[in-house]
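Note that this is a predicted model, so its numbers are computed, not measured. Residues: numbered from 1 along the sequence shown. Atoms within each ligand, like the ligands themselves, are counted from 1 in listed order. The figures that follow rest on heavy atoms only: side chains count, while hydrogens, waters and symmetry mates do not.
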Amino acid sequence: MSMTDIKKGLAGVTVDYTAVSKVNPETNSLLYRGYPVQELAATQPFEAVAHLLWKGELPTDEELAALRAEERLHRALDPDVRTAIELVPLDAHPMDEVRTAVSLLGARDLAGTGSVLDAGGNPEENLARSIRLFAALPAIVAYGQRRRRGQDLVEPRDDLDYAANFLWMTFGEEPDDIVVDAFNRSMILYAEHSFNASTFTARVVTSTLSDLYSAVVAAIGALKGPLHGGANEAVLHIFNEIGDASNVGPWLDEALASKRKVMGFGHRVYKRGDSRVPTMKAALDTLIEHYGRPDVAALYDALESEFVSRKGIYPNLDFPSGPAYNLIGFDTLTFTPVFIAARVTGWTAHILEQAASNALIRPLSEYNGPKERHVEGYVADASAAAAEADVAQRAEEMAE
Ligand SMILES: CC(=O)SCCNC(=O)CCNC(=O)[C@H](O)C(C)(C)COP(=O)(O)OP(=O)(O)OC[C@H]1O[C@@H](n2cnc3c(N)ncnc32)[C@H](O)[C@@H]1OP(=O)(O)O
Ligand SMILES: O=C([O-])CC(=O)C(=O)O
């Protein structure tokens, strides 16, 4: 038996520095570039937080205006991307649709460049790519939902900021300020969370000096799973299954007896609650009030209190976000794509950081397969025999 200390799932392993955000489970806090996320959610438009994540500082008025102008330039759904989206079957998961759209954007943007991350040597170009992706994603997500509903594309509106325009392109209606505010807060809360699975995936891809789009496409794949971003969708399936607050007890009896995971609860880092939940729950409460849906509050509260008292496991951000997106009118399958549109800011900030201070990410593993064995009938030829002898001699030297 080996004495190697295996850190399954890299749990508890610190693999690098980051200046993008700090998750502190001890104080239940989350800082983006030093600012508490609650303060950002209460005061900033999502565009300003994107600027903060990429550049390390909140924007001045002029910088915000410039970012907004750039975002507006790249908001409309590109006709080729629309064609690519329409090639994706209507019953495919929308995460696959967004992944495909980003892949096409990357292939087109990098055509003729050798398709690498400029070996970390062109951060300005990669920042420009990040801004274009951030600007392009809402139209991709919005059109995906609309085509599944049999609705036409809605063109962006230049008089609306990012969050309001995202809702406009999704629903084709002027969004209410209360809804825009709750949605903007959710985007800020979803933007960044240190070395979570999708961000780490993006950093692994970046570490090979691959390109920014490949890193984002890989990150989308990691975000799709229900143990990570896919949990916001899964929360709504659970809400629908339970139906009413009065069913929570029996539903939980069965879920726990069958060892089922209750999505929207638990976290790899936070063990006493997720720092973002109070802010998102407050945003959900404003939506519950706005849409007159006390039944949602009753179900939320009943499931939270029953699960916490039985298991001592607390809700994560996906628990309030799922019902919030449902109330806003997003289809359940669109929730995780909305998460992509937010998290692309954090992913790209990490891609830029990894590229600027790169080391190939390549951990070790402990082999636990069959002992060395040999293919029947194999006879080493002279050169293979010499190479094997060479390897054996080096192994002996290293052992000395
Ligand atoms: C934005 C985000 O990505 S936030 C995370 C979103 N994901 C979810 O909501 C999915 C549900 N939650 C989970 O699966 C887990 O809590 C994770 C994967 C997020 C983190 O878990 P880990 O740190 O890997 O711990 P792990 O999954 O091993 O759980 C530890 C124990 O708590 C239990 N547990 C953890 N979360 C849950 C849950 N949601 N429901 C039921 N049991 C749970 C596990 O079954 C395990 O029990 P055991 O020790 O008896 O086997
Ligand atoms: O940090 C994690 O492991 C998951 C998470 O909450 C996030 O990515 O927002």
Side-chain angles (χ1 to χ4, degrees), residues 6-15 18 20-25 28-32 37 40-41 49 53 95 185-203 219-239 241-242 248 251-280 300 303-304 306-325 335-350:
I6 303 288
K7 302 285 188 191
K8 195 111 167 126
L10 295 180
V13 177
T14 303
V15 301
T18 180
V20 183
S21 70
K22 178 177 170 68
V23 177
N24 191 338
N28 226 7
S29 65
L30 170 60
L31 308 177
Y32 291 175
V37 73
L40 295 169
V49 172
L53 292 171
M95 290 296 280
R185 286 171 197 249
S186 81
M187 297 300 279
I188 292 174
L189 295 170
Y190 264 141
E192 161 57 14
H193 214 240
S194 75
F195 279 35
N196 60 82
S198 57
T199 302
F200 188 62
T201 301
R203 291 190 73 127
I220 292 172
L223 192 74
K224 183 182 178 189
L227 295 189
H228 188 20
N232 61 5
E233 172 188 328
V235 166
L236 229 279
H237 295 313
I238 287 176
F239 270 52
E241 259 181 57
I242 300 175
V248 163
W251 184 89
L252 258 185
D253 290 342
E254 205 176 313
L256 294 178
S258 58
K259 302 238 173 290
R260 191 173 154 183
K261 274 199 164 170
V262 182
M263 299 307 179
F265 287 88
H267 199 276
R268 172 57 69 78
V269 182
Y270 299 115
K271 294 300 177 194
R272 285 174 292 157
D274 179 326
S275 62
R276 303 160 291 183
V277 165
T279 311
M280 193 59 222
Y300 182 105
L303 183 53
E304 179 184 24
E306 266 305 300
F307 194 72
V308 171
S309 76
R310 291 199 203 184
K311 296 285 290 181
I313 297 175
Y314 293 85
N316 58 53
L317 176 58
D318 292 318
F319 190 58
S321 300
Y325 288 164
F335 296 178
T336 319
V338 171
F339 192 164
I340 297 177
R343 186 56 61 91
V344 75
T345 57
W347 287 335
T348 48
H350 279 274

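Looking at Phe339 against ligand 1, only its side chain comes within 4.0 Å, counting heavy atoms. If you look at Glu192 next to ligand 2, there are no close heavy atoms at all, none under 4.0 Å.
Counting only heavy atoms, the protein gets under 4.0 Å from atom 20 (C) of ligand 1. Atom 23 (O) of ligand 1 is approached by the protein to below 4.0 angstrom, counting heavy atoms only. Using a 4.0 Å threshold on non-hydrogen atoms, atom 48 (P) of ligand 1 does not count as touching the protein. Counting protein heavy atoms under 4.0 angstrom from atom 7 (N) of ligand 1 gives one or more. Inside a 4.0 Å radius of atom 31 (C) of ligand 1 there is not any protein heavy atom.
Closest heavy-atom approach to atom 26 (P) of ligand 1 within the set Arg268, Arg276, Lys261: this belongs to Lys261. Compare Lys311, His193, His228 by their heavy atoms: the one nearest to atom 3 (O) of ligand 1 is in His228. Nearest-residue assignment for atom 34 (N) of ligand 1 (options Leu223, Leu256, Thr336, Ile313; heavy-atom criterion): Ile313.
Here the protein heavy atom with the shortest distance to atom 40 (N) of ligand 1 is Val262 N, 2.9 Å.
Residue contact check: Lys271 has heavy atoms under 4.0 Å from atoms 23 (O) of ligand 1. Heavy-atom proximity to His267, at under 4.0 Å, picks out these atoms of ligand 1: 4 (S), 16 (O), 20 (C).
Between Val20 and the options Thr345, Thr199, Leu53, a side chain to side chain contact (heavy atoms under 4.5 Å, CB included) holds for only Leu53.
Between the side chain of Arg268 and the backbone N or O of Gly9, at least one donor-acceptor pair lies under 3.5 Å. A side-chain donor-acceptor contact under 3.5 Å links Asp274 to the backbone of Leu317.
Aromatic ring centres of His350 and Phe200 lie farther apart than the 6.0 Å criterion allows.
Inspection of the Glu233 and His237 side chains reveals an N or O donor paired with an N or O acceptor under 3.5 Å.
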